[in-house]
Trainee: 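Have a look at the structure that comes next, please.
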Amino acid sequence: MKRLTNLPTLRVNPQSPIPFHYKNETWFGLDGDSLATALFANKVRIFARSLKYHRPRGLYSLDGECSNTMMEVDGIPNVRTETTLLKERNTIREQNVKGSATHDFLGVMDRLDWCMPAGFYYKCMHKPAKVWPLAMKVVRRAAGLGRLDPELELTATYDELYPGTDVCVIGGGPAGMCAALEAADQGLRVIILEARPWLGGFFDYRAAVSAQDQPLYQRSKDLAAKVQEKDNIRVFLQTSMVGAYADNLITAFQEGGPGDCFEQRYIEIRAKSVVVATGCRERPLLFENNERPGVMQIGCAHRLARTYGLLPGEQAVFSVGHDLGLEAAVDLFDLGLDVQAVADCRDEGQDANLVQALQDRKITFYPGWVAQEALGRPTVNRVRISSIDGTVTREFFCDLLVASAGLTPVTEPLGLVRSRFEFDQHTGYFLPVDYPTGMFPAGRIWGLNNSGSIEASGRLAGLHAAAACGVECNQELRAAEQAMHSLPGAQAGSKVVTAPVSGRKSFICFDEDVSVKNIKQALAQGFDVPELIKRFSSAGTGPGQGGIPGHNLPFLVAKLKAEPFAQLRPTTVRPPLVPVLMATYAGTTHEMTKRTPIHDIQVREGGVFRRAGVWMRARYFSPDLDVGPEVENVRTNVGMLDASTLGNFRIHGPDAHKALQRVYVGDMSRILPGRIKYSAMCNHDGCVIDDGVIWQVGENDYMFTTSTGRAGATIEWIRYHTRYEDWEFHLVNLTDGIGVINLAGPKAREALEKVSEADVSNQAFPFAHWRDFTVTGGVPVRAMRLGFVGELSYELHVAASFMPAVWEMLAQAGREMGIKPYGVEVQNVLRMEKGHVILGQESEQRTNLLDLGLGLLWSRDKEITPVGADALKQAEKDQNRLKLVGIQMEKNDHIPGDGCVIVDDRVIGYIGTIRQSRTLGAVVGMALVEGPYAREGNRLAVYENECQGELQYGAVTKMPFYDPTGERMKL
Amino acid sequence: MAFMITCPICGRRNGYEFRYGGEDKGPYPWGQELSPRQWVDHVHMNSCTTGMQKEWWYHRDGCGTWFTIFRDTVTNVEVENPEAQK
């Protein structure tokens with residue numbers, strides 16, 4: 001199709017063709033085209049079929065206000081082609097059609113509208129119940145627009161950005177640009193969010209003359225140039241605002257351009273103040289077949305020509321409600337469009353110059369007339385217009401009907417933050433009467449139409465926004481307010497909603513195929529307010545996010561109920577305001593983990609790693625998944641484990657011991673020098689949240705360990721439970737600064753003696769004690785004798801920077817004793833054989849201290865009651881609580897999974913950890929079962945997922961399974 | 001949370017930096033023989049006020065202080081201490 005190339009408003013580059021694929025052929029668009037305009041340039045008029053009735057649909061708004069032109073692009077369904085820029089080798093496919101958009105076999109649905117009244121979804125598809133599964137399959141296939149291929153993988157980058165700013169301006173049109181310039185002149189940082197690929201808004205494509213005596217497009221280019229010059233204004237183009245939240249938090253969604261490293265980007269902005277300059281959209285005129293391809297809004301027709309160089313049709317009829325329509329008719333006539341007639345639903349009040357211009361061009365003008373029906377199928381070929389009262393009609397041949405009832409403000413951004421609107425009789429708009437502090441609407445949203453007024457309104461809002469940021473600009477504010485008074489105010493707007501027709505095929509919502517007739521049906525069934533009608537009829541609930549029904553819905557409802565418009569409010573809006581890819585909200589996957597100081601060494605030694613919370617830890621070092629030999633080595637020789645991830649804390653200060661008393665159930669008042677105290681922390685429910693060891697290093701100076709998973713929350717926890725006290729203590733989180741090696745096995749002492757001169761005999765350094773000494777090279781080490789895995793073991797705490805050296809020196813020293821590294825899974829088996837619990841494995845949120853058999857840790861009579869004591873006192877009385885028991889399976893050939901439930905006539909417990917124990921030659925584990933079932937020898941039935949009812953059996957066994965007297969730990 | 005919170009040490013910061021710590025119910029009644037009802041009322045029951053509420057927040061991504069603010073639960077933004085306005 002030949003393009004108009006001589007236009008100064010052109011935003012496409014005729015020298016730069018871009019190939020794309022459509023219907024198995026290669027076609028060409030221009031650089032700057034959207035997908036929709038590229039298709040239109042190639043004579044495509046029918047883009048898709050509607051949801052319910054499969055009516056043919058084409059370009060209507062050119063802003064993606066409806067799903068008319070949603071198509072599948074590069075495998076992604078439901079792409080809004082009007083707002084997506086054409087990229088090389090895009091592959092475009094039609095969706096929701098059986099056949100093609102031009103010849104859709106499901107087009108017959110259009111004749112069945114009589115059996116799909118409003119609410120038929122709810123009412124007809126439930127009887128008889130037997131039919132429903134079949135009906136559901138059929139309906140499901142017919143429902144929706146695009147089809148998502150489950151194999152589709154998005155490989156592009158989806159980025160995110162969190163810029164801070166002083167002023168955020170939503171909308172890069174004249175008002176927005178003026179507001180931004182004003183705020184920037186006051187020295188503030190400004191961000192502009194503009195949905196289109198260029199600044200300019202509704203000045204961008206218009207040759208009408210501005211207040212400064214230039215064509216508007218020139219004026220907006222000048223403003224845009226000024227904006228680009230300013231260092232402190234940051235412009236985001238192709239960025240749609242999608243959400244607004246408390247304290248001026250704005251979220252937006254940006255499409256990547258050819259030079260960008262992302263496909264789409266999520267932007268979250270915390271602004272001190274916000275200017276809302278989102279302008280207006282057109283209110284669709286409701287008449288029969290008002291969504292036929294060939295029916296377009298004024299802005300769509302005008303911009304196709306002026307922005308993209310495409311004449312929207314050959315022979316046109318206009319049915320408008322605003323001077324913009326008259327201006328477009330005149331301009332398009334001058335560009336070569338044959339304008340048959342211009343109907344204006346307003347009886348009077350038109351711009352006299354424009355009426356004159358129509359006369360000069362011999363275009364018949366019909367004030368007080370409106371389009372009644374668009375005829376022709378699948379595209380418009382005739383139109384019937386009529387007087388507003390419907391008594392006189394005229395018909396015209398045409399392939400383009402430019403139809404619009406008037407303008408309406410884009411109120412959604414303000415609606416998101418619960419602004420209040422009131423219907424204004426003069427403009428016919430919902431004007432904002434109450435909106436959050438720090439938010440300032442500007443421009444056409446107030447009903448302004450004069451170019452000077454719009455800019456002045458922007459400047460005023462920019463100054464208000466600056467003042468809200470604390471800038472002293474009272475003088476400028478007063479001057480701006482005065483300037484506004486001397487300029488034309490809000491213009492009278494049309495309040496016409498429908499043509500005088502029955503409304504059976506007058507569509508109020510294009511996305512959901514809801515007609516005026518459906519609205520009448522909803523009203524007849526008792527749904528009498530717009531919010532209810534919206535949901536019952538589904539008008540406004542489609543991908544267009546309500547842009548087409550918009551304010552027409554409350555207006556139509558008021559009209560049908562013969563109620564004054566003054567009671568009306570716009571319907572509720574929620575984010576996102578435009579459809580957003582889930583991939584953009586998900587963002588890029590950042591695989592981030594923490595590593596211990598000897599991570600690389602363990603990799604070299606053959607460690608197999610898995611995430612444990614925020615860390616990467618070695619699970620085991622066995623090459624073939626059989627950890628048996630690794631376990632045996634610890635029981636027979638000596639092994640070393642990296643336990644650096646353990647929480648490690650210092651607490652000191654005159655009241656440090658009080659804080660410890662508050663959070664630990666044990667008595668911290670008498671920790672003997674050189675001794676380790678083992679204790680647990682509970683929450684107010686008495687449920688165990690952590691266990692660890694505590695020791696005293698000096699006066700009012702203690703240290704303690706926590707489990708890996710709780711390290712991050714420990715300081716928060718202790719401060720929380722002491723927040724009402726004025727105790728003086730300080731907490732230091734040393735987790736990342738201290739490396740820990742767990743040296744365990746009967747030969748552990750031998751290995752340790754080879755690296756240290758200290759006396760580590762059992763007499764000098766007994767079980768449950770700690771000692772400070774140095775190892776080879778003078779490296780200071782704090783050794784703690786604990787018994788987690790049930791063997792003689794030393795937990796060696798060293799400064800993180802010394803970890804690799806100490807690990808290597810032990811590896812060497814222990815070589816003749818057969819030292820080998822062991823991993824977390826191996827430790828899991830070892831400690832399980834010893835009957836030691838791991839929180840989160842044997843316990844869950846509801847497991848309390850007594851369930852785990854740790855009641856001895858609880859010191860009941862200490863002065864400072866610990867958190868959880870009251871709950872434990874209550875829980876003691878309950879005999880039916882779960883109890884920790886050992887379980888030994890009857891058969892050795894299969895190990896049920898951790899977490900399997902134990903059943904009787906109902907679930908009576910669960911398995912915590914269960915493993916094949918080489919040491920014992922049986923399948924043993926730790927489980928929790930209800931009190932009455934916890935008797936030794938009791939037979940338990942285990943239910944494993946998908947066992948098809950075949951239970952496995954075991955018996956309650958005494959614990960610990962291994963070394964019950966605990967001799968080996970105390971060697 | 002989208003709204004901003006004023007930390008007594010760090011000033012007004014993004015709500016996402018903080019963790020919510022519940023309504024202010026006053027100090028836990030230590031050492032008193034609580035009936036189960038009294039205990040559950042303090043530990044688990046919330047008054048769920050419509051309107052202004054005094055509540056605890058922890059500056060997780062900052063100084064690590066526990067402090068209270070007043071928040072209007074209807075508009076879901078921090079409000080000034082009502083005493084301060086008098």
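Fair warning: this is a prediction, and the values are worked out from it, not measured in the lab. Residue numbers start from 1 in every chain, and the chains themselves are labelled A, B, ... in the order their sequence lines are given, proteins ahead of strands.
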Trainee: Table up the donor-acceptor pairs between chain B and chain A that sit under 3.5 Å, atom names plus distance.
Mentor:
unit_1: B:A2; atom_1: O; unit_2: A:R270; atom_2: NH1; d: 2.7
unit_1: B:A2; atom_1: O; unit_2: A:R270; atom_2: NH2; d: 2.5
unit_1: B:M4; atom_1: N; unit_2: A:D247; atom_2: OD2; d: 2.7
unit_1: B:R12; atom_1: NH2; unit_2: A:D247; atom_2: OD1; d: 3.3
unit_1: B:R12; atom_1: NH2; unit_2: A:D247; atom_2: OD2; d: 3.3
unit_1: B:N14; atom_1: OD1; unit_2: A:R270; atom_2: NE; d: 2.7
unit_1: B:N14; atom_1: OD1; unit_2: A:R270; atom_2: NH2; d: 2.5
unit_1: B:R19; atom_1: NE; unit_2: A:E716; atom_2: OE1; d: 3.2
unit_1: B:R19; atom_1: NE; unit_2: A:E716; atom_2: OE2; d: 2.6
unit_1: B:R19; atom_1: NH2; unit_2: A:E716; atom_2: OE1; d: 2.8
unit_1: B:G21; atom_1: O; unit_2: A:Y720; atom_2: OH; d: 3.4
unit_1: B:D24; atom_1: OD1; unit_2: A:Y724; atom_2: OH; d: 2.2
unit_1: B:G26; atom_1: N; unit_2: A:Y724; atom_2: OH; d: 3.2
unit_1: B:G26; atom_1: O; unit_2: A:Y724; atom_2: OH; d: 3.4
unit_1: B:Y28; atom_1: OH; unit_2: A:D870; atom_2: OD2; d: 2.5
unit_1: B:H44; atom_1: NE2; unit_2: A:D685; atom_2: OD1; d: 2.6
unit_1: B:H44; atom_1: NE2; unit_2: A:D685; atom_2: OD2; d: 3.4
unit_1: B:W56; atom_1: NE1; unit_2: A:Y724; atom_2: OH; d: 3.1
unit_1: B:G64; atom_1: O; unit_2: A:R719; atom_2: NH1; d: 2.8
unit_1: B:W66; atom_1: NE1; unit_2: A:E716; atom_2: O; d: 3.0
unit_1: B:V74; atom_1: O; unit_2: A:R418; atom_2: NH2; d: 3.3

Trainee: Below 4.5 Å from any heavy atom of chain B, which atoms of A:V867 appear? Answer side chain, backbone, both or neither.
Mentor: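 For A:V867, the contact with chain B is made by backbone and side chain together.
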Trainee: Using heavy-atom distances under 4.5 Å, tell me whether A:A713 contacts chain B through its side chain, its backbone, both, or neither.
Mentor: neither
Trainee: Under the ring pair (Phe, Tyr, Trp, His ring centres under 6.0 Å) rule, collect the residues that match up with A:F253, sequence neighbours excluded.
Mentor: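 In terms of ring pair (Phe, Tyr, Trp, His ring centres under 6.0 Å), with neighbours along the sequence ignored, A:F253 is linked to no residue.
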